[in-house]
Amino acid sequence: FVMKYNYNEIEAKWQKYWAENQTFKAVNNSEKPKFYVLDMFPYPSGAGLHVGHPLGYIASDIYARYKRLKGFNVLHPQGYDSFGLPAEQYAIQTGQHPAITTEENIKTYRRQLDKIGFSFDWSREVRTSNPDYYKWTQWIFIQLYNAYYCKDDNKARPISELVTVFELEGNQKINAVCDDDISIFDEKAWKFFSKKEQELILAKYRLTYLSESEVNWCPALGTVLANDEIVNGVSERGGHPVIRKKMMQWSMRISAYAQRLLDGLQTIDWPQPLKDSQTNWIGRSEGAMVEFEILTPTLSNGEGVNKGYLTGDSQTASTLLPHAKEMRKEPTLEEALLWDSLRNSKLEAKFRRQHLIGKYIVDFVCLEKKLVIEVDGEYHNNKEQIELDQERTLELEQKHFFKVIRFTNEEVKFEISKVLSTIKQVLSSRNTITQSNQETSPAPLERVGVRIFTTRPDTIFGVSFMTLAPEHELVSAITTDEYREKVQEYITKTAGRSERERMADVKTISGQFTGAYAIHPFTDEKIPIWIGDYVLASYGTGAVMSVPCGDQRDYDFAKYFDIPIPNIFADIDISNEAFSDKENTIIANSDFLNGLNYKEATQKVIEQLEAKEIGNRKINYRLRDAVFSRQRYWGEPFPVYYVDELPQMIEEKHLPIILPEVEHYLPTEDGRPPLGNATHWAWDVEKLSVVSCELINNTTIFPLELNTMPGWAGSSWYFNRYMDANNLTEFASKEAMNYWKEVDLYIGGSEHATGHLLYARFWQKFLFDLGYVPVDEFAKKLINQGMILGMSAFVYRVDGTNQFVSKNLKDNYSTQSIHVDVSLVNTSDELDIEAFKNSREEYKNSEFILENGKYIVGREVEKMSKSKYNVVSPDEICEQHGADSLRLFEMFLGPLEQSKPWNTAGITGVDGFLKKLWKLYVPNENIEITDETPTAEEYKTLHKTIKKVAEDIESFSFNTSVSTFMIAVNELTALKCNKRAILEPLLIVMAPYAPHITEELWSLLGNKESISKAVFPKFEEKYLVESTKNYPVSFNGKMKFTLELSLDLSKDEIQQEVMHHPKTIQFLEGKTPKTIIIVPGKIVNIVV
RNA sequence: GCCUUGAUGGCGGAAUUGGUAGACGCGCUGGAUUCAAAAUCCAGUUCCUUCACCGGAGUGCGGGUUCGAUUCCCGCUCAAGGUACCA
């Protein structure tokens, strides 16, 4: 019986033992302190794991095992983010159900993970595609739908509270996050709104809401594409045209949490670069919102439009306005009659006639009271016309929040006094509407002005023009006839370029004057209004005040179009470029701002703007609400059905709503999402179940939502589910969550910085607001593991031949480099020529130009990927070197957070170490151990190892631990140590890194229980105390020799010893030192 | 452009509050063992000069602070990642 280090056998044995004994199962209550170590769960792709994937898992596993040894109750779970695109695409190609391929992939993943010996508690496994799991994803969605964000409390609250307030006093006092286009209404108006109108208003407050947003639709592929799947306006795959298509989609009001997401970063220990990218992504900028009044020459002749009573839709305004003028000139008899009566009666409201609202010209309107009066002609009996009128009323009421009342010609002609009294009555029931409630629009809605956001309100006197995005809604309304053609031409030109093209091409300056002018709020000067595509419609208000002296883009624009560049900075030369240094700004030529610095001037100008009610302080965020709908099959279905186009949540007790079966995984031919193919996808409100689509009658059976949720839905809360993964009645029990609270250590890739990690923080804060989770940041500490890069290998084909030339001879030829599979190359970069020839038909008859009888391949570090033939699988490493070797080697490669190339050749180092370790315990054929007292030297080695490794693990410096182990084993081998008092604790220290070999040796030493139940040895300083120090003696800071001296010596005694040393005398060459620096226990430095 | 991180032998990397630069491992060179190979063991391995000793230079580049700088400060170069006409 020979005890050999047979890693395959040993590793299989212990993996089986751990599984059978449920060694790593965590309990939800314990005397021990808790510790939660989490990995980002993987998407189980068909390709399986490569050696880069387990890097973070190994690190977290070491940490988890270490914490167990340190006496913690450790939760270390694992699961699968199993909804996703690749399975769906595979399904489209093969017809194979994504659930089946996903299941297969998970099996592969599990097998691969098990081989590496992780200490996961698999009893808590989650899969996002599992109905028991996505039931709760749907549940959270419903909670979001039923909540709004209250700015007074700075948290989410139930939407039902909002309804109560609306019923009592309307929305006038509500301070909540909502859509920009909300209007003010009182309780009477609220009651006046139809159910549908009320729902549409509530939608503007809900934390998840439907809105029309654009998607990239590729008709040829019949699918929606992500931005990065489009290159130059055509699909990356196939090069088919892509069109922008508007679709009703769910959005998440993450913008409500912008400030808290920012503030929360202060409280969590996450990597600075990651915090920085979240900070940038949220993009908070402080400044002011300012409204500039517009002079609109074309409109100034007409009635009621010169000074800002424009309510028309910019798209149609230009064509409708002349029409309205015409109608004003030639009113019908009835219109004229009513107009006179309205003016003569003592109504306190001001009416306008033939006024543009949205895309309609209404007969009479009182803007202050938001009341529209329409007089119908004789065609009102026509059925078609009635429908049109209804549509018109609906839009005016819902979109523009006007009350519409109608009279017939007959009523006006014969019963004018009754008509007037009705009008009076309605007027008195309506509150005066003067202000929109939200801070982004401080001015009355009816005023024509252009609102801009600026971070430099202090430079307002430097404004010499304004620029609007070409898509800005006011553009066509303000453009003068003189410039209309050119403006239209410019708009058409820029619309033809995609956002991407526009962004890529930042050098070309382009723009067009509109003919319109704004009025400077302080100087009353005329400011020309331009349009230019350097202004983005999607940021701020889509309009800027251009201060060429203070902003380089404005400067370049002004230079290009010969617009004046007034200088408002004291003593700054702006003849070559703009000056944008806030810190060194002193304002000049700016009336009441003269002489002030950036901060003072900003403060003062905002005060003035607020006093004049044309502007206010404003914090703007770049963060947009997140689109939450995907036109995909393999995702969570929404628990939503539609009644009269209004979304309805399915009651929580009927969840989960299970993903239906479909025949095809592509969208339907008419462009509906894949769930449009489902035959059973309708909601029966009586049976309370999903039924056949054929039964839809829109009275009791309604269509279900066809979109599915995005990939980040399931991953935004899974860390909470692990705390109580098998709970059937709650997403996790209160007790479990109060015990585990949050993740203590989260390890994963930095690529999730602005996706998963931001959304997950958002959901956690939301769940916290509603009292469902105990903390509002889900992960205390986060570490980003670096990427492991592949070492690609290349062969060099001589152009136009079937000859391949070895690396160092290739410069003599004209060659093309071709990726070659790394498995065909040995550790000395030599190509296995026979294997290469057989690898592909086209290489069969290749010839080779060798160097020294060998073919040497070229090497290059690249991302590991199948297409580069540089993938190394952990399976083959486990097979050939063992899991412990793999674990140690991955850690040994370098600092966890750095990216580094993989080179299998280096693994022999840790292989050798493990063999030496084994030999230390089993020097001959049997384990040899004594209970003798160790020597001081042996103790010293052990304790410095304990100290270093504990420090390393706690500072995530896993690579240095491995070298510490090597040093320890080398030293103890040299000492021929076989003392139990040394070798037993040493195993415990190494157990987190190399769990299998340590378990085996631990049991060979006679221990009955798993080493993972042991206690991490206590470090004792006394074993490291030294009596002497080998002092480095430096001259002018350069070390020249060392000198062994007792640590008891005083400074003076050290100086005596050093100065009398022959080497010192030699180096001094007879000179007297200027100073002698002595740091006892550290160094001696002689200055000459 | 902006933000972040980094730059140390042939390679991966170490040096924890400023105190012996290059730990540990790979690779390479030489040796032992072997018929031979693999495996194992021993020695050497920053560069320049030298047979060797001695000596000199040296942590991306240029300055500075300090008795002493890979470490702190200023200016620059390059690389990687994030982000972007963000007003």
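Computed from heavy atoms alone, side chains included, the values below leave out hydrogens, waters and symmetry copies. Throughout, protein chains are lettered first and strands after them, A, B, ... in sequence-line order, and every chain is numbered starting at 1.
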Worksheet entry | Base-contact (B) and sugar-phosphate-only (S) positions in nucleotides 2-12 of chain B, heavy-atom cut-off under 4.0 Å, - elsewhere | --S-------B
Fill in: For K916(A), side chain to side chain donor-acceptor pair (under 3.5 Å) partners two or more places apart
N970(A)
Item to complete: Look at the side chain of T454(A) and decide which nucleotide, out of A87(B), U20(B), C24(B), has an atom nearest to it.
Response: A87(B)
Item to complete: Taking only the side-chain heavy atoms of I967(A) (C-beta and beyond), determine which of U40(B), A23(B), A14(B) contains the nearest atom.
Response: A23(B)
Worksheet entry | With sequence neighbours excluded, residues passing ring-ring contact (aromatic ring centres under 6.0 Å, His included) with F557(A) | F465(A), W530(A), Y534(A), F561(A)
Discussion item. Applying a 4.0 Å non-hydrogen cut-off, can you work out what S277(A) is touching in the nucleic acid: base, sugar-phosphate, or nothing?
Written reply: sugar-phosphate
Worksheet entry | V535(A) side chain, from C-beta outward: closest of U20(B), A87(B), A14(B) | A87(B)
Worksheet item: Atom NZ of K1063(A) and atom P of U20(B): how far apart are they, to the nearest Å?
Response: 18 Å
Fill in: All ring-ring contact (aromatic ring centres under 6.0 Å, His included) counterparts of F292(A), not counting sequence neighbours
none
Practice prompt. Report the distance from atom CG of L757(A) to atom C1' of G82(B), rounded to the nearest whole Å.
Written response: 14 Å
Worksheet item: When you check the phosphate oxygens OP1 and OP2 of G25(B), does a side-chain N or O of N970(A) lie under 4.0 Å from one of them?
Response: yes
Item to complete: Kindly point out which of A14(B), U16(B), C85(B) is positioned nearest to the side chain of L536(A)?
Response: C85(B)
Fill in: Nucleotide G25(B), atom P - distance to CG of L888(A) in whole Å
13 Å
Worksheet item: By side chain to side chain donor-acceptor pair (under 3.5 Å), which residues pair with N8(A), not counting sequence neighbours?
Response: none
Worksheet item: Who passes side-chain contact (heavy atoms from CB on, under 4.5 Å) against Q552(A), sequence neighbours left out?
Response: Y555(A), D556(A), E577(A), A578(A)
Discussion item. What does the 5'-to-3' dot-bracket notation of RNA chain B look like when only Watson-Crick and G-U wobble pairs under 3.5 Å count, and pairs to other strands show as |?
Written reply: (((((((..(((......[....)))((((((.......))))))(((......)))..(((((..]....))))))))))))....
Tabulate protein N/O versus nucleotide N/O from nucleotides 66-74 of chain B, keeping only pairs under 3.5 Å, one per line.
| from | atom 1 | to | atom 2 | distance (Å) |
| --- | --- | --- | --- | --- |
| C67(B) | O2' | N1085(A) | ND2 | 3.2 |
| C67(B) | O2 | N1085(A) | ND2 | 2.7 |

Worksheet entry | Nucleotide of C85(B), C41(B), C86(B) approaching R622(A) most closely (side-chain heavy atoms) | C86(B)
Worksheet, complete the sentence: To the nearest angstrom, the CG-C1' distance between D458(A) and A87(B) comes to 13 Å
Worksheet, complete the sentence: Contacts of K944(A) meeting side chain to side chain donor-acceptor pair (under 3.5 Å) (sequence neighbours excluded), chain-then-number -> E971(A)
Discussion item. Categorize T908(A) for me: base, sugar-phosphate, or nothing, with a 4.0 angstrom heavy-atom threshold over every strand shown.
Written reply: sugar-phosphate
Worksheet item: What residues, two or more places apart in sequence or in another chain, satisfy ring-ring contact (aromatic ring centres under 6.0 Å, His included) together with Y490(A)?
Response: none
Worksheet item: In terms of ring plane angle, is the pair H1061(A) and F1041(A) parallel, tilted or perpendicular, where the classes change at 30° and 60°?
Response: parallel
Practice prompt. Ignoring backbone atoms, test whether R553(A) places a side-chain nitrogen or oxygen under 4.0 Å from the OP1 or OP2 oxygen of G1(B).
Written response: no
Discussion item. One pair to check against side chain to side chain donor-acceptor pair (under 3.5 Å): S792(A) and N870(A). What are the steps and the verdict?
Written reply: CA-CA 5 Å; S792(A) 300; N870(A) 59 2; 3.0 Å; yes
Practice prompt. Determine the Euclidean distance between corresponding P atoms of U70(B) and G60(B); express it in Å to zero decimal places.
Written response: 9 Å
Practice prompt. Would you please name every residue forming a side chain to side chain donor-acceptor pair (under 3.5 Å) with E1026(A), sequence neighbours left out?
Written response: K940(A)
Fill in: Set of ring-ring contact (aromatic ring centres under 6.0 Å, His included) partners for F965(A), sequence neighbours left out
Y993(A)
